[in-house]
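Everything numeric here is computed off the predicted structure, so don't read it as measured data. Below, all heavy atoms of this structure are taken into account, side chains as well, without hydrogens, waters or symmetry copies.
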Amino acid sequence: MKGFVLPLAAVLAALPSAPAHAEPTEDEAAPAAPAASLPDPVRAMIDAAIATGDEAKVKTVVELAKQTNPDNAEEIAAIHKQFRDRKAEEKRLAKEQQEEAIRTAGVFERWSGEGQIGAFQSSGNSDNVGVSAGLKLTREGLDWTHQLRGTFDYQRSNGTTTREKYFAAYEPRYDVQDGFFVYGLAQYERDRFQGFNGRYALSAGAGYDLVNRDGLKISVKAGPAYRRTELRDGTADDRLAGLIGADANWRISDWLTFTQSSNAVAETGSNATVFFDSSNTTLNLVSGLKAKVSNRVSTQFTYQLQYDSNPAPGAVTTDTLSRFTLVYGF
């Protein structure tokens, strides 16, 4: 028995002794304490911003929350991402619904426009003050835009008609890509004081949007044309021609005060069309300034210049017309 105890004691003595206070290894270190959850007042502030649906407001609140609660930045970012994803999905669905509504709309649906009536002062072939009326209709689709325009100017002085001018045009446009488009144009004019009972024009061609952003749009177009002019003496002239056109619309300001209770939006809208052939070149330039008094009512001043290089006998080359009208949008 004594012989057995002594060898066992020798074995135990040979074993390395464990340190009395061993430090834990890196693998054995205790896990870090989880970050504290987002404080209720901060969450309530973010939820209130999200309830408004205003993306800019939510972004501002989220940035402030991250700065004041850096330990909860990941949780705040996750909340913000959920909001952005939901808004993106809402926009996608809204866009799909709008495109479907446009795609399935009837021929007489989705038209907008404006009618106008007022007075004018003219110089050139007649110097008078008279009545002016106009109508403009527009239908915008996914790729197509249709526009109808018409104006009528009439004047009587001392029982005699001194001005009677009609104008109507239909212009479809198809957007191809990257600002390029193709167009068609059918146009009718009648102005016996300018020397013709009827002038008809057909044109088709291509154009490009030079500028197309909020507040400013400028486009140009060009193409071949066919024009027929019926003169007052009963003769008619048919010619192949060319067309060059330009359209511009510039929103100057978001508001403009005319009276103490009237806010308005001022816009300029202008278009220039040139028909040229070997016999007669005509220029029709219309520039205007429109002030929006209410959601539907505006006042508008336009200046129109019409030039004929080879006018009918008794007519002058340049005719101008100034209009001041009350416009109602619908």
Could you go step by step and tell me if Glu100 and Gln98 meet the side-chain contact (heavy atoms from CB on, under 4.5 Å) rule?
CA-CA 5 Å; Glu100 182 63 20; Gln98 182 182 24; over 6 Å; no

Can you measure from [atom1] ([X]) to [atom2] ([Y]) and round to the nearest 0.5 angstrom?
X      : Y      : atom1 : atom2 : result
Lys136 : Thr151 : NZ    : OG1   : 12.5 Å
Glu189 : Phe196 : CD    : CZ    : 5.0 Å
Leu283 : Phe276 : CG    : CZ    : 12.5 Å
Ile117 : Ser132 : CD1   : OG    : 8.5 Å
Ser219 : Tyr208 : OG    : OH    : 11.5 Å
Leu231 : Asp237 : CG    : CG    : 7.0 Å

Does [X] have any side chain to side chain contact (heavy atoms under 4.5 Å, CB included) partners at least two apart in sequence or in another chain, and if so, which?
X      : answer
Leu326 : Val297, Thr299
Tyr226 : Arg228, Asp238, Leu240
Asp308 : Gln194, Arg199, Asn280, Thr282, Gln306, Pro311

Any heavy-atom pair between the side chains of [Y] and [X] that's under 4.5 Å?
X      : Y      : result
Glu114 : Lys290 : yes
Gln187 : Leu202 : no
Val293 : Ser298 : no
Thr281 : Phe275 : no
Val182 : Asp175 : no
Tyr303 : Leu305 : yes

Given the rule in the side-chain contact (heavy atoms from CB on, under 4.5 Å) test, do Ser279 and Asn310 qualify, once you have shown the distances and angles that lead to the verdict?
CA-CA 7 Å; Ser279 174; Asn310 186 20; 3.9 Å; yes

Should Ile102 and Arg110 be marked as a side-chain contact (heavy atoms from CB on, under 4.5 Å) after you check the CA-CA gap, both sets of side-chain angles, and the distance that decides it?
CA-CA 8 Å; Ile102 294 174; Arg110 303 192 64 84; 3.4 Å; yes

Give the minimum heavy-atom separation between [X] and [Y], together with the two atoms involved.
X      : Y      : answer
Ser203 : Leu243 : OG-CB, 3.8 Å
Asn72  : Ser37  : ND2-C, 3.7 Å
Ile46  : Ala65  : CD1-CB, 4.0 Å
Asn197 : Arg190 : O-CG, 2.9 Å
Phe330 : Gly115 : CE2-N, 3.8 Å
Thr318 : Tyr307 : OG1-CD1, 3.6 Å

[X] (side chain) donor-acceptor with [Y] (main chain) under 3.5 angstrom:
X      : Y      : answer
Thr60  : Ala56  : yes
Thr52  : Asp54  : yes
Asn69  : Asp71  : no
Arg139 : Glu109 : yes
Arg232 : Arg192 : yes

So Tyr170 and His146, would you call those rings parallel, tilted or perpendicular, with 30° and 60° as cut-offs?
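Correct class here is parallel.
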
Between Tyr166 and Phe152, does the ring-ring contact (aromatic ring centres under 6.0 Å, His included) criterion hold? Intermediate values first, please.
CA-CA 5 Å; Tyr166 303 85; Phe152 168 63; 5.0 Å; yes

Does [X] pair with [Y] as a salt bridge, N-O distance under 4.0 Å?
X      : Y      : value
Asp319 : Arg163 : yes
Lys59  : Glu55  : no
Asp85  : Lys87  : no
Glu164 : Arg156 : no
Glu89  : Arg92  : yes
Glu171 : Lys221 : yes

Treating Ile, Leu, Val, Met, Phe, Trp and Tyr as nodes and any side-chain heavy-atom pair under 4.5 angstrom as an edge, say whether [X] and [Y] lie in one connected cluster.
X      : Y      : answer
Trp250 : Leu289 : yes
Ile218 : Phe180 : yes
Val62  : Leu38  : yes
Trp144 : Val176 : yes
Tyr328 : Trp111 : yes

Here's one to test your reading of the geometry: is the NZ or CZ of Arg173 within 45 degrees of the ring axis of Phe181 and under 6.0 Å from its centre?
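Pair Arg173/Phe181 counts as cation-pi.
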
If we check side chain to side chain donor-acceptor pair (under 3.5 Å) with Asp153, which of these qualifies: Arg323, Lys165, Gln304?
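It is Arg323; the other options fail the test.
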
Please indicate whether Glu140 has more than 12 foreign heavy atoms, meaning atoms of other residues, nucleotides or ligands, lying under 6.0 Å from its CD.
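Atom CD in Glu140 is not crowded, with 12 or fewer foreign heavy atoms closer than 6.0 Å.
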
Can you establish whether the number of heavy atoms outside Lys66 located under 6.0 Å from its atom NZ is more than 12?
yes

Would a line drawn from the ring center of Tyr188 to the ring center of Tyr200 be shorter than 6.0 Å?
yes

